[in-house]
Amino acid sequence: MGLVALLGLTACGGGGNQATSDENASAGTAAPRQPALPEQAETGGTEASASPQEDSERDTASAQISTFALDVDTASYGYARRTLQEGRWPAPGEIRPEEWVNAFRQDYAQPPDDGFTVHVDGAKLPRRDEAVLRVGLQTRASDSSQRRPANLTFVVDVSGSMADDGRLDLVKSALLKLLDQLAPGDQVSIVAFSEEAEVLASMTPLTAREELRAAVTRLTVSGGTNVEAGVLAGYQEASKAFRPAATNRVILLSDGLANQGDTVWQSLSGKVREQAAKQLTLLTVGVGRDYGDELMERLADTGDGMAVYVSTEEEATRLFTTQLPATLDLRARDAKAQVVFNPSVVESYRLIGYENRALATEEFRDDSRDGGEIGPGHSVTALYALKLKPGADGQLAQATVRWQDPDTRTASESGESLNSGDLAGGIWTEAPLRLQVDVVVAAFATYLRDREAFGLDLPELREHAARLASTSEDPMVSELATLIGRAESVG
């Protein structure tokens, strides 16, 4: 019974069909009933966890379609993990459940081409007529040796706060290791910023690797944090050296604690969006115990990129020597997902997370509307909590992903459906291990944000995580059980 309550399973609401809801309101249609959620915890001045409109359940009689832009960010999980390990409760506004789920490995089949495979499955929950639906999207991985050349502009925060906890030392070590991994056809420029921005190395081929290494070693801490100056200087350098046949990316490495220049994401995002339209993608890499999560995440979203967070040299090394070189290419631009529920079978639904990626129904096939940029080997997972109509049988939902080719901008779609008879009989007894892990991760994130998690408490979540860890070889599942235990001790 608890899991349904935790997910708000009395048919929670999804990634939001705002246009449909507005039309219904004006036509006098009754608003969908809201799940019984506790009062939201204070966010401590960070981004609100979710608005009532975004986090409400959706009645399929009035909101049959859920549409959202894809997102491969994982920074929310990385920063919350560090916070819990230090014995602190994460700020609710910094918890984005979709980033937690997407931080974990999935087992979706890869497509044979440069599109997506669409995986749809689900399981019944302990409470009658309630279920969880999982939509998994997967791109084909690639060997870093086969990728196209890359133009990388590193924008490095060298302000005074980067001296704390060895933040700049961590960044410098990671950059030096990355330079050893890049190919001769790649080019790198390095911009440092504190109160002002300074170009330490204009776009330089990797054949002059020693010049780039020397520029990295010259990074030293001083002054305030003018993220605006750094980002705009980085984009200027990237634009001057733009290569149409290459991957052109700006990589911001910072604690995100802007205190000079334009310091709010809303106005900065407009400037970043202009550059994203020129096919310059932005990766934000967060560091530091104190971290400007909202600024870094929002800049990545509007910059057609992704946001990650690293807290240890091991994590930074893995990101810059393994993950980044293998995912520099793009598989898809402006990727979006749409799930259409069958109102004859599904009474109501709720999409877990993706609140700030919600789209209106008509924006799904509007190719001028921004979606998410997805690289090789990436998986994207969306979980829905469902309330089923008693005794109903048939197709539950149809999931479709739409994306544009990174070079030609040709749009393509792929989809898959799921029938009610294909639901696993019980989430904890018959569902695939990875689906169980995803549910525990989403429930834990929801608990940290809202102090409620599908009706499960932390001891129950820890027991499920420990059980799954005993049958999984994934160290992240074992870490999950440990993190839930940490939350118990500090909650």
Side-chain angles (χ1 to χ4, degrees), residues 8 12-22 37 40-41 43-58 63 65-80 90-103 135 137 252 256 264-273 276 281-284 286 291-309 334-339 349-361 363-364 366 369-374 380-384 442 445-446 448-450:
C12 325
N17 184 348
Q18 180 69 49
T20 303
S21 299
D22 291 345
L37 295 176
Q40 297 291 332
T43 63
T46 60
E47 177 186 352
S49 62
S51 72
Q53 175 64 35
E54 293 169 324
D55 201 35
S56 65
E57 73 178 288
R58 304 291 183 187
I65 303 174
S66 169
T67 308
F68 59 95
L70 301 195
D71 191 351
V72 292
D73 293 353
T74 60
S76 175
Y77 176 75
Y79 186 49
E94 295 167 353
I95 302 297
R96 296 179 291 278
E98 73 277 12
E99 295 187 24
W100 287 53
V101 175
N102 286 330
V135 176
L137 307 171
L252 171 64
V264 294
W265 69 264
Q266 287 90 340
S267 52
L268 266 176
S269 290
K271 300 168 185 176
V272 168
R273 187 176 291 108
T281 57
L282 177 67
L283 168 67
T284 66
Y291 171 56
D293 168 78
E294 182 178 27
L295 175 64
M296 298 287 275
E297 189 261 343
R298 293 290 191 166
L299 289 181
D301 282 351
T302 55
D304 284 348
M306 63 181 291
V308 299
Y309 176 88
D334 291 329
K336 311 163 189 173
Q338 187 168 82
V339 182
Y349 66 89
R350 178 186 181 186
L351 173 59
I352 309 305
Y354 292 96
E355 288 89 359
N356 62 14
R357 305 295 280 168
L359 299 173
T361 299
E363 292 177 312
F364 181 64
D366 179 355
R369 183 64 168 87
D370 189 38
E373 273 53 46
I374 311 298
V380 179
T381 300
L383 294 177
Y384 287 88
T446 306
L448 290 173
R449 189 182 71 177
D450 303 329

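All values below come from the heavy atoms of this structure, side chains included, with hydrogens, waters and symmetry mates left out.
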Q. Between Gly353 and Pro97, which heavy-atom pair has the shortest distance, and what is it?
A. CA-CD, 4.3 Å
Q | Side chain to side chain, Val308 and Leu283, heavy atoms closer than 4.5 Å | A | yes
**Q.** Approximate separation, where rounding is to 0.5 Å, of Glu297 CD and Tyr309 OH
**A.** 15.5 Å
Q: Mind telling me whether Tyr384 and Phe68 have parallel, tilted or perpendicular rings, with 30° and 60° as the class edges?
A: tilted
Q: Could you tell me whether the side chain of Leu282 reaches within less than 4.5 Å of the side chain of Val272, counting heavy atoms only?
A: yes
**Q.** Heavy-atom donor-acceptor pair, Thr302 side chain to Leu299 backbone, under 3.5 Å
**A.** yes
**Q.** Minimum side-chain heavy-atom gap Ile352-Glu98 below 4.5 Å
**A.** no
Q) How about Asp304 and Thr281: do any of their side-chain heavy atoms sit closer than 4.5 Å? A) yes
Q. Do Glu373 and Met306 touch side chain to side chain, with heavy atoms closer than 4.5 Å?
A. no
Q) Mind checking whether Tyr291 and Tyr79 have parallel, tilted or perpendicular rings, split at 30° and 60°? A) perpendicular
Q | Side-chain touch Gln266/Arg298, heavy atoms, less than 4.5 angstrom | A | no
Q) Side-chain contact, heavy-atom cut-off 4.5 Å: Trp265 with Asp301? A) no
Q | Rounded distance [0.5 Å steps], CG in Leu252 versus OG1 in Thr284 | A | 6.5 Å
Q: Tell me, please, which residues at least two apart from Ala69 pass side chain to side chain contact (heavy atoms under 4.5 Å, CB included).
A: Arg357, Leu359
Q) side-chain contact (heavy atoms from CB on, under 4.5 Å) between Arg96 and Asn356: does it pass, once the steps are laid out? A) CA-CA 9 Å; Arg96 296 179 291 278; Asn356 62 14; 4.3 Å; yes
